[in-house]
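Chain letters run A, B, ... following the sequence lines, proteins first and then strands; every chain starts at 1.
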There are 2 protein chains.
Amino acid sequence: MMDPRTQARLAIRANVFKALAHPSRLFMVEQLARKSCCVCELTEMIGADMSTVSKHLSVLKGAGIVADEKRGLQVHYRLKMPCVLRFFDCVGEVVETNAKEEWELVKR
Amino acid sequence: MMDPRTQARLAIRANVFKALAHPSRLFMVEQLARKSCCVCELTEMIGADMSTVSKHLSVLKGAGIVADEKRGLQVHYRLKMPCVLRFFDCVGEVVETNAKEEWELVKR
DNA sequence: AAAATACTTGGCTATTTGGCCAAGTAGTGC
DNA sequence: GCACTACTTGGCCAAATAGCCAAGTATTTT
């Protein structure tokens with residue numbers, strides 16, 4: 001019946017996945033993997049309101065995936081847990097396999 | 001400004017993460033990694049309504065993470081993309097690091 | 001063919017999430 | 001101190017998610 005400890009462990013882990021479960025946040029992680037950026041740079045690239053971007057970043061920060069540091073007027077974010085990049089290969093594989101299978105179904 | 005192709009690519013990938021972003025679904029993936037199960041077994045373990053479990057499974061199936069097969073009255077699900085298990089090590093690492101840091105803050 | 005089992009799907013409600021705008025905070029430069 | 005820039009936070013609304021119950025489907029059993 002799934003004891004409370006297991007339940008709690010899974011809930012905490014689910015939060016990490018939840019943090020990555022948004023296109024803009026994936027984009028941010030990819031960018032930050034290349035180089036640290038201030039909020040303004042990411043805002044520019046994504047093209048949403050800065051407040052929106054800031055909130056996304058705080059979700060990633062809350063999950064422990066990125067870290068921030070104030071430099072003068074700007075706040076710079078960096079990828080704190082580069083191991084999340086390892087996810088992306090597998091996700092790419094999943095997506096590719098799905099697409100191939102769907103194609104096979106529709107093809108004829 | 002994030003072109004539509006990038007946008008679409010990220011949205012598809014985000015769906016895979018979204019599928020994993022729930023405690024019960026993580027539990028299912030872990031179980032299915034050990035052995036294939038029917039819906040009834042997972043329902044028993046999780047302790048929710050069978051309809052709820054069935055819906056969770058269809059989310060995982062929609063993301064291409066699991067596959068199903070009917071055997072008599074039962075439907076058996078299996079882990080189709082075992083590479084998602086590789087995520088779990090990193091997620092564990094993230095969670096552990098977060099916990100350690102939070103502890104350092106509260107300690108004194 | 002009727003009953004039982006193992007699911008899935010539809011309907012409903014409560015909660016969460018995502019977005020923008022407006023207002024607040026924190027440094028910088030005059 | 002006052003204005004300016006770079007953020008963050010609160011408020012609000014629209015949309016998505018998660019849960020249960022009830023109803024529907026498919027297969028087996030009697």
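Between A:His56 and C:dT17 there is no side-chain polar atom (N or O) within less than 4.0 angstrom of OP1 or OP2. Distances shorter than 4.0 Å separate some side-chain N or O of A:His22 from OP1 or OP2 on C:dG19. An OP1 or OP2 oxygen of D:dA18 is reached within less than 4.0 angstrom by no side-chain nitrogen or oxygen of B:Thr52.
Under the 30°/60° scheme for interplanar angles, the aromatic rings of B:Phe87 and A:Phe87 are found to lie parallel.
Among the protein residues, B:Arg25 comes within range of the sugar-phosphate backbone only, with heavy atoms under 4.0 Å from sugar or phosphate atoms but none that close to a base.
Without hydrogens or angle criteria, B:Glu41 side chain to B:Cys38 main chain gives a donor-acceptor distance under 3.5 Å.
Contact check on A:Glu30 versus A:Arg25 returns no salt bridge, with no Lys/Arg side-chain nitrogen under 4.0 Å from an Asp/Glu carboxylate oxygen.
Closest heavy-atom contact between A:Leu10 and B:Pro23: CD1-O, 3.8 Å. Across all non-hydrogen atoms, the minimal contact from A:Cys37 to A:Lys35 is SG-O, 3.4 Å.
The side chain to side chain contact (heavy atoms under 4.5 Å, CB included) with B:Met28 is formed by just one residue from the set B:Val66, B:Leu79, B:Val53; it is B:Val53.
Each of A:Ser58 and B:Ala21 was matched to the nucleotide of DNA chain D holding its nearest heavy atom; the match closer to the 5' end belongs to A:Ser58.
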Using atom names, set out every protein N or O paired with an N or O of nucleotides 4-8 of chain D below 3.5 Å, distance rounded to 0.1 Å.
residue : atom : partner : partner atom : Å
D:dA6   : O3'  : A:Leu73 : O            : 3.4
D:dC7   : OP1  : A:Val75 : N            : 2.6
D:dC7   : OP1  : A:Val75 : O            : 3.3
D:dC7   : OP2  : A:Cys40 : N            : 2.7
D:dT8   : OP1  : A:Tyr77 : OH           : 3.0
D:dT8   : OP2  : A:Ser54 : OG           : 2.4
D:dT8   : O5'  : A:Ser54 : OG           : 3.3

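As a whole-Å value, the separation of B:Met28 CE from C:dC7 C1' is 13 Å. Distance, A:Lys18 NZ to D:dT17 P: 12 Å, rounded to whole Å.
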